[in-house]
Amino acid sequence: NSEVRHWFGKSPVGYTDADLLPEETSASRCKAIEHCRKSEEVFSSEETITTVGGVRTLITRTIPLGNSSEVNRDSLWIGLDLTEQRSLEAQLLHAQKLEAIGRLAGSVAHDFNNLLTVINGYCQLALRAVPEESTLHQPLVEIHEASERASALTRQLLSFSRKQIVKPF
């Protein structure tokens, strides 16, 4: 078929594994064939092969054919291409990790926001109680401004965790 031809650069009909596959893959195939020659069992494995068409992930079955007493017993090799499935699985795992990070960011931001509310509240009370000419007034203003910046950052984290579009300040 055309997909197999694309992988190997030629039609696989009439060729052996050694003709079509790279040496390291061909060696694992030889093990499977040898296993099938010596037993009645199907040999199953997952293999990564490098072909003309790129790296492919296959689940393979090597099935013994004929009578086990035959010295040069044939076998049938069937491969199911899992490359796209593995790629989709990796994408899903990545999306799940990003979702978990978003939930964690939201949880941390919510808790941090609660702490900042207390800091801001007490800072505003202190600013009302301390006259402007006091040496404590300017440090309190700095604390209040820093807590406001931290609150803005917290809003961004909460927005990220809720997948909202954040407008820059």
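- A donor-acceptor pair under 3.5 Å is formed between the side chain of Ser151 and the backbone N or O of Ser147.
- Side chains of Leu127 and His137 form a contact here, defined as non-hydrogen atoms less than 4.5 Å apart.
- By the 4.5 Å heavy-atom criterion applied to side chains, Glu99 and Arg103 are counted as neighbours.
- Closest approach of Cys123 to Leu140, counting heavy atoms only: SG-O, 3.2 Å.
- Annotation: His110, atom NE2; neighbour count of heavy atoms from other residues, nucleotides and ligands within 6.0 Å does not exceed 12.
- Atoms CD1 and CD, on Ile119 and Glu148 in that order, are 11.5 Å from each other to the nearest 0.5 Å.
- For the atom pair Ser87 OG and Leu92 CG, the distance stands at 11.5 Å (nearest 0.5 Å).
- Considering only heavy atoms from C-beta on, Val141 comes within 4.5 Å of Gln138 through its side chain.
- For the side-chain contact (heavy atoms from CB on, under 4.5 Å) test, residues two or more places apart in sequence or in another chain that qualify with Leu93 are Gln96, Lys97.
- If you run side chain to side chain contact (heavy atoms under 4.5 Å, CB included) between Phe112 and each of Thr154, Leu153, Thr117, only Thr154 comes through.
- Here the closest heavy-atom approach between residue Thr83 and residue Arg56 is recorded as OG1-CA, 3.2 Å.
- Taking CG of Leu80 as the start and OG1 of Thr57 as the end, the distance is 11.0 Å to the nearest 0.5 Å.
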Next item on the list: Applying side chain to side chain contact (heavy atoms under 4.5 Å, CB included), run through Leu157 and Val108 and close with a yes or a no.
Entry: CA-CA 9 Å; Leu157 281 173; Val108 169; 5.5 Å; no

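- Distance CG/Leu116 to CZ/Arg155: 10.0 Å, rounded to 0.5 Å.
- With sequence neighbours left out, Glu145 forms a side-chain hydrogen bond (donor to acceptor under 3.5 Å, both in side chains) with no residue at all.
- Not one N or O on the side chain of Ser45 forms a donor-acceptor pair closer than 3.5 Å with the backbone of Thr60.
- Atom CG in Asn120 sits 11.0 Å away from atom CG in Leu125 (nearest 0.5 Å).
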